[in-house]
**Q** 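My questions will all concern the structure given below.
Chain A is the first sequence line, chain B the second, and so forth, proteins listed ahead of strands; every chain is numbered from 1.
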Amino acid sequence: MKRVGKVVIFFAGLLLVWQVAVLLKLWSPVLVPSPFSVGRYLFEAATDGTLASAMVVTIKRLALGYAFGLLVGLPLGLLTARFQILEDTLGLMALGLQALPSVCWVPLALLWFGQTEGAMFFVVVMGTLWSVIIATDNGVRNVPPIYARAARTMGSTGLHTWLRVILPAALPFIVGGMKQGWAFAWRSLMAAEIYVTILSGFGLGHLLHYGRELNAMEQVIGIMFVLLAIGLLADKILFSPWERFLHRRWGTAR
Amino acid sequence: MTLPVELQNEAPSKLSIQAVSKRFASRKRDKPVQALDNVSLEVAEGEFVCLLGPSGCGKSTLLNIIAGLENADTGGVKCDGADVTAPGRDRMMMFQESALFPWLDVLDNVLFSLRLKPGLNASERRDVAVFYLKLVGLEKFHHAYVHELSGGMKQRVALARALAPNPRVLLMDEPFAALDALTREQLYGDLQQIWKERKKTIVFVTHNVREAVCLGDRVILLSPHPGRIQEEFRIELPRPRNINSIDLARHATIITSALKGFGRGGPPMPMGDGI
């Protein structure tokens, strides 16, 4: 547990520095609230249900868009890796669109879908889809050809080879792509929520936005902590088990 | 199908390679490389034949054509009289890299080839896999992951995987080239033993002269550019053969000098260790 101790000391130290800076009145308390006022805001938001309902709204949007992006992106990535013509067309398009910062989809989504859940969904999907396509395609292309050849000599053909050999062999890349897709989806959703006011659901991005409007710095910082925690938890819960599994199987663990 | 029947040896096949030629497009557009030029070879039932030659002599290409992984431009291969057009379970292949699947454990790797073989239920498949893992001496490693195995153990698993569907022919493409000398010597012994027990026709590709002499009933020497059969040596040494024996070295010396013959004027031919 020595490791845990060091981690606790590190973060406690950060909080202490923050509190000392506040006590020294280096900046106006409007700009830098104390850790306690941030804590108080979070406690109040948690007890009156604002936080929980905003989290539900945000995570629902994220899960829907992300799941859709995966469901469409994985097969498309397999197809671009399989057919050169799709690689030259769809693959090139995905490469270009993946490089586009996903916040750039927000104005377009607003004009197309108005201030609706549809706009949110669209932005998250655009953030996820392209990087998943590219990671899957890249993963498949990195599968050593010897695997497919060996499988062929054992009587594996067509779909069997794809499902039982190519796909599992590409798994480390695909999980990397899913992780990147998640990061993009999360960023684009926050951009959309801060930008777009819609009445169908009040997400964490909105809380952040209104914190600014109200000049409520403790709210801004408090929500940022919540976002940070969600990002960390997603990594630990969604991706770490997969990565541990892959490291164990492929022998890439340190 | 009951298990004892499944484990009975299939009769080994007779291979007939008839005037096989194969060209590859080279980087210099107008000059294709002639990998194989009119190669004919008969391999008897249960024979152990080694294809020996420097790199570029087309020996791996020939093996791939026998496996059905590649097609000849002209000529063809018959296995027990039937034309080879695609890979088949009667001809299993082993590669230089083990080509084991890292996402499966040892047992599942062996089961991979068995799952593709019709007529066996799950418990029979398992029994067959267990039998072959024991045959190659890995009965204690069923649930090891591929990366946990040494190079020699990986090739043992690959051998078990190739033997499991009970093929008539075993095609081996420099399977021991990447192993250290000690491990290799052990595998020479084991392979001879398994070949005797399981009665397979084996075509074994190598660039190591001693290895070829140690294993083969016949050693077929191929010359490069274009790939042709240069000479054939029948090895009449008693089995099991020891790679370090003097008799074996004598045979190897003769073949090595023949091999050096087509290096004249060019750069020295790469040959295996221990020559």
Side-chain angles (χ1 to χ4, degrees), chain A residues 70 74-75 77-78 81-82 84 135-179 238-254, chain B residues 60 63-70 84 86-106 108-119 143-150 154 157-158 160-167 169-175 178:
Chain A
L70 280 186
L74 267 169
L78 292 176
R82 172 71 182 79
Q84 192 58 44
T136 310
D137 176 281
N138 190 27
V140 170
R141 279 168 194 278
N142 273 290
V143 172
I146 188 93
Y147 289 160
R149 285 166 71 83
R152 267 182 74 202
T153 63
M154 291 184 270
S156 165
T157 50
L159 197 62
H160 183 274
T161 307
W162 277 85
L163 293 180
R164 294 304 175 94
V165 181
I166 309 275
L167 203 60
L171 206 58
F173 283 88
I174 292 175
V175 169
M178 285 167 66
K179 199 170 163 177
L238 289 180
F239 298 107
S240 286
W242 278 92
E243 287 172 328
R244 269 202 302 279
F245 166 79
L246 291 173
H247 284 320
R248 215 171 47 240
R249 280 293 165 105
W250 265 254
T252 44
R254 278 173 296 168
Chain B
S60 291
L63 202 69
N64 286 336
I65 291 172
I66 301 173
L69 287 169
E70 285 177 41
V84 168
R89 220 166 283 116
D90 54 336
R91 287 158 285 124
M92 291 296 284
M93 186 141 173
M94 259 183 84
F95 303 88
Q96 182 174 343
E97 315 106 276
S98 65
L100 297 176
F101 302 142
W103 58 94
L104 301 175
D105 64 17
V106 164
D108 278 329
N109 263 289
V110 178
L111 282 169
F112 187 95
S113 61
L114 286 167
R115 290 206 169 100
L116 287 156
K117 185 171 180 170
H143 297 295
Y145 298 128
V146 173
H147 68 89
E148 293 166 339
L149 304 176
S150 68
K154 280 181 193 158
V157 179
R161 181 172 74 170
L163 289 170
N166 212 355
V169 179
L170 202 53
L171 304 168
M172 308 179 84
D173 192 357
E174 307 200 32

**Q** With Met154(A), which of Pro87(B), Ser113(B), Pro165(B), Pro167(B) fulfils side-chain contact (heavy atoms from CB on, under 4.5 Å)?
**A**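 Testing each of Pro87(B), Ser113(B), Pro165(B), Pro167(B) against Met154(A), the sole residue satisfying side-chain contact (heavy atoms from CB on, under 4.5 Å) is Ser113(B).
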**Q** Return the CH2 to CZ distance between Trp103(B) and Arg249(A), rounded to the nearest 0.5 Å.
**A** 11.0 Å
**Q** Please state whether the side chain, the backbone, both or neither of Arg91(B) comes within less than 4.5 Å of a heavy atom of chain A.
**A** backbone
**Q** Can you tell which part of Leu171(B) gets under 4.5 Å to a heavy atom of chain A, answering side chain, backbone, both or neither?
**A**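 Answer is neither: Leu171(B) stays 4.5 Å or more from chain A.
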**Q** Taking atom CH2 as the centre, does Trp162(A) end up with more than 12 heavy-atom neighbours from other residues, nucleotides or ligands that are less than 6.0 angstrom away?
**A**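 Result for CH2/Trp162(A): enclosed.
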**Q** Using a cut-off of under 4.5 Å for heavy-atom pairs, which of Ala162(B), Ala164(B), Pro102(B), Ala99(B) has the most such pairs with chain A?
**A** Pro102(B)
**Q** List for me each residue that meets side-chain contact (heavy atoms from CB on, under 4.5 Å) alongside Thr153(A), sequence neighbours excluded, and say none if there are none.
**A**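 Here the qualifying residues are Leu69(B), Met93(B), Phe95(B).
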**Q** Go through the atoms of Leu114(B) and report whether side chain, backbone, both or neither lie under 4.5 Å from a heavy atom of chain A.
**A**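 Looking at Leu114(B), nothing touches chain A.
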**Q** Shortest non-hydrogen contact from His147(B) to Trp250(A)?
**A**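 Heavy atoms only, the tightest pair is CD2-C, 3.5 Å.
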**Q** Could you go through the side chain to side chain contact (heavy atoms under 4.5 Å, CB included) check for Phe101(B) and Arg164(A) one step at a time?
**A** CA-CA 10 Å; Phe101(B) 302 142; Arg164(A) 294 304 175 94; over 6 Å; no
**Q** Decide yes or no on side chain to side chain contact (heavy atoms under 4.5 Å, CB included) for Asn64(B) and Arg149(A), but give the supporting numbers first.
**A** CA-CA 10 Å; Asn64(B) 286 336; Arg149(A) 285 166 71 83; 3.0 Å; yes
**Q** What heavy-atom pair brings Arg89(B) and Gly155(A) nearest, and what distance separates the two atoms?
**A** NH2-CA, 4.5 Å
**Q** If you look at every heavy atom in Phe112(B) and Val165(A), which pair is closest and at what distance?
**A**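 Taking Phe112(B) first and Val165(A) second, the nearest heavy atoms are CZ-CG2, 3.5 Å.
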